[in-house]
Every structure is written in structure tokens, then in C-alpha cells.
Amino acid sequence: MAANNRRMSGKKGAQVGSGGKRRRGLEGKGPTPPAEMRKGHAKQRAAAAKTRRAQGRPQQRRGAGRSASELVVGRNPVVEALREGVPASTLYVQQFIDNDERVREALQLAAERGGINLMEAPRPELDRMTNGLNHQGLVLQVPPYEYAHPEDLTEAAHDEGEDPLIVALDGVTDPRNLGAVVRSVSAFGGHGVLVPERRSAGMTAGAWKTSAGTAARTPVARATNLTRALEAYKKAGITVVGLAADGEVALGDLEALDGPVVIVVGSEGKGLSRLVGETCDFRVRIPMPGGAESLNAGVAAGIVLYEAARRRD
């Protein structure tokens, strides 16, 4: 009886029900919007990229992660980095520093470029920042590099109405080689460089310097797994060409270079890794009548890119 009285009680309290959600759920959400308006759809990304170019704004990358910030240490390295246009966020100058020609030039370059913070710091603070390196009173902070996504490179080519021309690096650990490849890709009309996330050179200050400023307009993408990224390119109809000293096809005989292609360059010592080599559609050799055993990554990429650009003219 007590239970029955509780059920019949006139006290107000929380009531169990759908709150109208079931009724609203049956109403539907209207017609499916076109592909160009669906967030994340390939056509929507392409349309957004076209709009950004028309408005003169730089393309926003989906991003495949960022590198860590970096410090350039020492008077000569700092001045060279500023001369070459290496991105920088802050120039740290030691208090009571001897104001020689290099210090004056560093301050002048930072002021002329704009957007670089000038910070005065005591020597113990600079020693702590650089872990005791010989900074000579000048430290330049390079902000993290924001990598593109591998698909961004192909989308950029398609947006321009061109067949993708991409260079992928397999086991190349010298940032100067990466910078040289970026410079060659830019010179011969390529659409970007792909590097693996691990055991690979990244876009450090050294890579920026070697690229001679071209890294500002040539994207570098980073893949968690290089083999899977190459397989995805193949599914998209792109031919994957690996450079190897014992390749089955000579460079001059490779007809695939006039179409969508990814050129894979291995390390100077070990060449292509096994899995990457097995993923390639062709393994190509560069004839070298002089008898050299191998070429570094920057030179090899430049030769193949020139051949590809020549055939596309």
C-alpha cells in the first residue's frame, strides 16, 4: 500500500521520457548537401584551396604534425641563417655583448625582416638554453615546421591541372640533402617532397639554408609509414619509381616520367629499403659512364627531375 501511495503522490520530480528527441529524430535532417559543401570531402578541400588561391591567401595544410623548435647557436650560424631566410621567432642577444660586425648584422637582418622578437638575456640564461654550447652571445630560435599531409601534394597538382611530380626520400638523414632535394623540386616544377616520420632528415635550419629559400613555397609532407603512403599513391593512379644502382630500367627508357609519378630516392650508402623497393612499380638506374658507384640524394633527384620536366614540356 505504501508503494502504491508513492506512485500516486502528487509531488513533482524527474519524469522518464524522450524529451521530444524521438519525435525530432524522425523529422530527418533534410537533403544531403553537395560534395563541395561536405566538410572533409575531397571536393570540398579542392574548392577551399581554389578559393584561397583566388584570394591570395597561403594554403592551409591539414598537417601531419610539427617538428620541435630549434636553436641556431653562434654568431656565424645565426647570421647565415638570417641571410638565407630561415624562419625565426626570437633572436636572443647576451647582455653587455661585444658589439662586433656579426652582432650588428644579425640585429640589422632581424629588424629588416620583421616579425622576429629581440630579447636580451644574461649569459647564464643563454648557457642554460643551449646546454652549455658556445653560443658567443647570439641564439636564434627557429619555430616548429608544420608538415603537409601526403595527400596535400597530389591535391595541389590536381588543383593546378597538372600530373603530380613528387620526390620521396627513404632513409635520407642529412638535412642538407633534404634541402637540396626541396630546391630541385622547386626548380623543375615538382609539387613537393615526402619524408617518413622516423629515421629521416627533417626541416631543420640546415635544410632551410640548403634549400636557398625554396622551402617557403615547396611543401614537405611527412608520412607515419612511407610504404603505406606510396601504396596509397599507387591506388590513386600514380606511378612509383625507385632509384637503384642495379635498377632494371635505364632512366632514358622510362616512359612513366611524363605522367603522374613519385620518384623515390634512397640513402647514399644503403639505397632503397627492402619494403620500399618492393612497393615501387619500376626500379630505375641512372647511367654513369664515369664509373661512380652512387650519387647523393640531392644530385640523383635533380637528374631525374630534369628528365621528367623535359618530357613534360
| query | Do other residues, nucleotides or ligands put more than 12 heavy atoms under 6.0 Å from the CG atom of D246? | reply | yes

| task | Please report the C-alpha distance between R75 and D100 in whole Å, then the side-chain angles of each, then the deciding distance to 0.1 Å, and finally whether the salt bridge (Lys or Arg N to Asp or Glu O under 4.0 Å) criterion is met. | result | CA-CA 10 Å; R75 299 188 185 187; D100 68 3; 2.7 Å; yes

| Quick one: CD on E278 to CG on L272, what's the gap to the nearest 0.5 Å? | 11.0 Å

| Neighbour count >12 (heavy atoms, 6.0 Å) for atom CZ, F282 | no

| Has E248 got more than 12 heavy atoms of other residues, nucleotides or ligands less than 6.0 Å from its CD? | yes

| task | Check whether the side chains of T239 and D281 place a donor and an acceptor atom closer than 3.5 Å, and report yes or no. | result | no

| query | Just wondering, are more than 12 heavy atoms of other shown residues or ligands nearer than 6.0 Å to CZ in R102? | reply | yes

| said: If you apply the rule salt bridge (Lys or Arg N to Asp or Glu O under 4.0 Å), what do you find for K234 with E231, and how did you get there? | reply: CA-CA 5 Å; K234 290 175 67 173; E231 290 173 346; over 6 Å; no

| Can you tell me how far CG of D163 sits from NE2 of H158, rounded to the nearest 0.5 angstrom? | 7.0 Å

| field | Salt bridge flag under 4.0 Å for residues R104 and E101 | value | no

| query | Roughly how far, to the nearest 0.5 Å, is CG of L230 from OG1 of T279? | reply | 6.0 Å

| Spacing of CG belonging to D152 relative to NE2 belonging to H191, to within rounding of 0.5 Å | 13.0 Å

| said: Would you say CD of E112 has more than 12 non-hydrogen atoms from neighbouring residues, nucleotides or ligands within 6.0 angstrom? | reply: yes

